Amino acid sequence: MSRSAGAARRVLVAIPYLWLGLFFLLPFAIVLRMALSDAATALPPYAPHFEGPGQLGAFLAALDLENLQLLFADALYWQSYLTSLRIAALTTLSALMIGYPLAYAMAAAPRRWQGLLVLLVILPFWTSFLIRVYAWAGILRPDGLLDAALMGLGLTSEPLRLLNTEAAVLIGMVYSYLPFMVLPLYATLQKLDPSLLEAAADLGATPAAAFRTVTLPLSLPGILAGAALVFIPAIGEFVIPDLLGGPETGMIGKVLWTEFFSNRDWPLASAVAIVLLLVLVLPLALLQRWQMARAGRAGDGP
Amino acid sequence: MSEPNRARPAPDAPRRVSPGSVRRAFQPWNEPQARPIVEFRQVVKRFGAVTAVDHVSLALYPREFFALLGASGCGKTTLMRMLAGFETPDAGEILLDGVDITAVPAHLRPVNMMFQSYALFPHLSVADNIAYGLKREGLPRPEIARRVEEMLALVKLEGLGRRKPDQLSGGQRQRVALARSLAKRPKLLLLDEPMAALDRKLREATQFELMDLQSELGTTFMVVTHDQDEAMTMADRMAVMERGRLLQIAPPDLIYEAPANRYVAEFVGDINVFEARIRAVEGELVSADAPLIGAIAFDEEAVRLAAGESVAIGLRPEKIMLSHEEPPQPVNKVRGEIWDIGYLGDMTMVQVMIGGDAGRLLKVSLTNSTRRIARPFAWEDEVWLSWDVEAGLVLPP
């Protein structure tokens, strides 16, 4: 009984690891191998240096980091990384600024309304992402809906020319990723014990002080989860900068796409992808360590 | 059944001469010059169609330990939350030290509360929890540190200041909550079911500690509880609340021995209640006839009764004596058969059926003052129940 239960547990644990190994680790290895190859006129269009485990020594001796070096040497690439980081960071910050009050209001709303409010937040997902971004192009284009409304109200006298600017990318990104910020924040705030705020008020905290000293620190896990859910996809985003951005908003996702499909330089595109992954994994690993340390501190007594 | 001209006694007017208060020295509520620290004046609070607090007037005095007792949903917590500032009365006013605080927001009231759930901040250490109110006051750092140490010593949690609330036992958490609510040295401390989460042994010990602490600090305590033992043990005075109204405000012994009405009598302690018809009133001595029992007699001073009137009479189980032989007294006795014996250690609860198998059960409690194993009474014994003229209580509806 217990033996078979143990075996069943091992199988259950093995399935997700098998999945990760098959669909994450293996493709990663393939991409890594590609990144360390040379572009070639072939099918697929690269000449691998790494031929198999037998030649590992020779491969390492002649390790060719040319593609990775190029990413740091050529301003196009590292500037794209920086642009992506900046836009993703701005997107995350804006989504937090808009999403926090929204999530707070949802959590404070009467319980019978909360289901409906959550539904409204996820409602945009029922329409294709691509169509929604195209719709933004229609809103933001010169003499589009936004300009028509603003000029009709007499607030502006000429078109804002927002489309194909970084502002348009930011608007599109914040719009698209806002639900990923709101939902974890709502989940955290909704669990917050209201008697904690009463206790804070009872001890003399003004509503602002109670928010700063109780609500905010206790919603930090929600803020971090929401920020990760927005920042990670935002940094590699390709569709939004492509449709709403201009030539100066060269985000790394777009560069990757261009290298892969237009230039057919698979090794360079792979190198871009590898570096992007590292850019994402490092801060996440640090975050994870911080959270583990925090949980560890709470778990054992002095 | 009741005469229209017979006024119901006011909740805080003693119905009769005190049977002897346990704490004689401290009775500010009987001193006309005493100034209350808290006053509720005709306070009303409604939630939709429900009137949670219905025209409550109440005065608490400095250094008093006051308990608000009632079943759940009687409005006692609402009354306390209005004092803390978490609910606003729909009518009436609340005075603290003679100042109307009805419109003052919670964070500006010099009142602190210990929450039933303790409401400790989970992200702050014990010391930071205790320091929270002091930091809001803007006290200098060394002063805060000193006060936190003082509070930790007061609740006997020295050395645990750096722990987080989830690293403490239930009893320790309760102490932190107490320390936090006392750290600002409030003149009035509100305690919402302070012992509800403690097990019985710990609860008893904590009750006495809380009483010591209260007399040491001189703080006025207002405790909300549904536990009558807790209220009676700790309180100088207590109020029994039902459906938003205060039925009686009195010291615990008066509440028990001279309940204002049938609800109070039945809510606090055990009591046998039966109907009786008044036969004659001679001064303070009233004689009456009760179905299944026969002739009874009792002392009554506060409630004026007339011959022919029907009243509810209450008899506490410990006021009834049990014997195998017929007692010599002419009245206040009845024959019955023992139906049930519940042995509780310190005492035994006996259920006696009177008036035959279709009659009714009366509860009698016996103190087990000796260690003898053979008990004098057994199941199905024919016994006599008897009681004194002071035992019977008239219970207004």
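None of the values given here were measured: they were computed from a predicted structure. Naming: A, B, ... by sequence-line order, numbering from 1 per chain.
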Peer 1: Please work out whether the ring planes of Tyr104(A) and Phe211(A) are parallel, tilted or perpendicular, with thresholds of 30° and 60°.
Peer 2: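 Rings of Tyr104(A) and Phe211(A): perpendicular, over 60°.
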Peer 1: So for Phe86(B), is it side chain, backbone, both, or neither that comes closer than 4.5 Å to the heavy atoms of chain A?
Peer 2: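 Side chain only.
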Peer 1: Which of the residues Gly133(B), Pro186(B), Pro105(B) is involved in the greatest number of heavy-atom pairs with chain A at under 4.5 angstrom?
Peer 2: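 Between Gly133(B), Pro186(B), Pro105(B), the count favours Gly133(B).
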Peer 1: Heavy-atom distances under 4.5 Å only: say whether Leu120(B) touches chain A with side chain, backbone, both or neither.
Peer 2: backbone
Peer 1: Side chain, backbone, both or neither: which part of Arg180(B) has an atom under 4.5 Å from a heavy atom of chain A?
Peer 2: both
Peer 1: Give, as side chain, backbone, both or neither, the part of Asp193(A) having an atom under 4.5 angstrom from any heavy atom of chain B.
Peer 2: side chain
Peer 1: Describe, in one word, how the ring planes of Phe24(A) and Phe28(A) are oriented to each other, choosing from parallel (under 30°), tilted (30 to 60°) and perpendicular (over 60°).
Peer 2: parallel
Peer 1: Name the option with the most non-hydrogen atom pairs under 4.5 Å to chain A; the candidates are His123(B), Lys184(B), Lys135(B), Glu137(B).
Peer 2: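 The option with the most such pairs is His123(B).
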Peer 1: Taking the six-membered ring of Tyr61(B) as reference, does the cationic atom of Arg63(B) (NZ for Lys, CZ for Arg) lie under 6.0 Å from its centre and within 45° of its axis?
Peer 2: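 Not flagged: Arg63(B) not positioned over aromatic ring of Tyr61(B).
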Peer 1: Using a 3.5 Å distance criterion without hydrogens, assess whether the side chain of Gln174(B) forms a donor-acceptor pair with backbone atoms of Pro194(B).
Peer 2: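 Such a contact is found between Gln174(B) side chain and Pro194(B) backbone.
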Peer 1: Quick check against the 3.5 Å criterion: does Arg163(B) have a side-chain atom that pairs as donor or acceptor with the backbone of Leu168(B)?
Peer 2: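 Checking the backbone N and O of Leu168(B) against the side chain of Arg163(B), no donor-acceptor pair under 3.5 Å is found.
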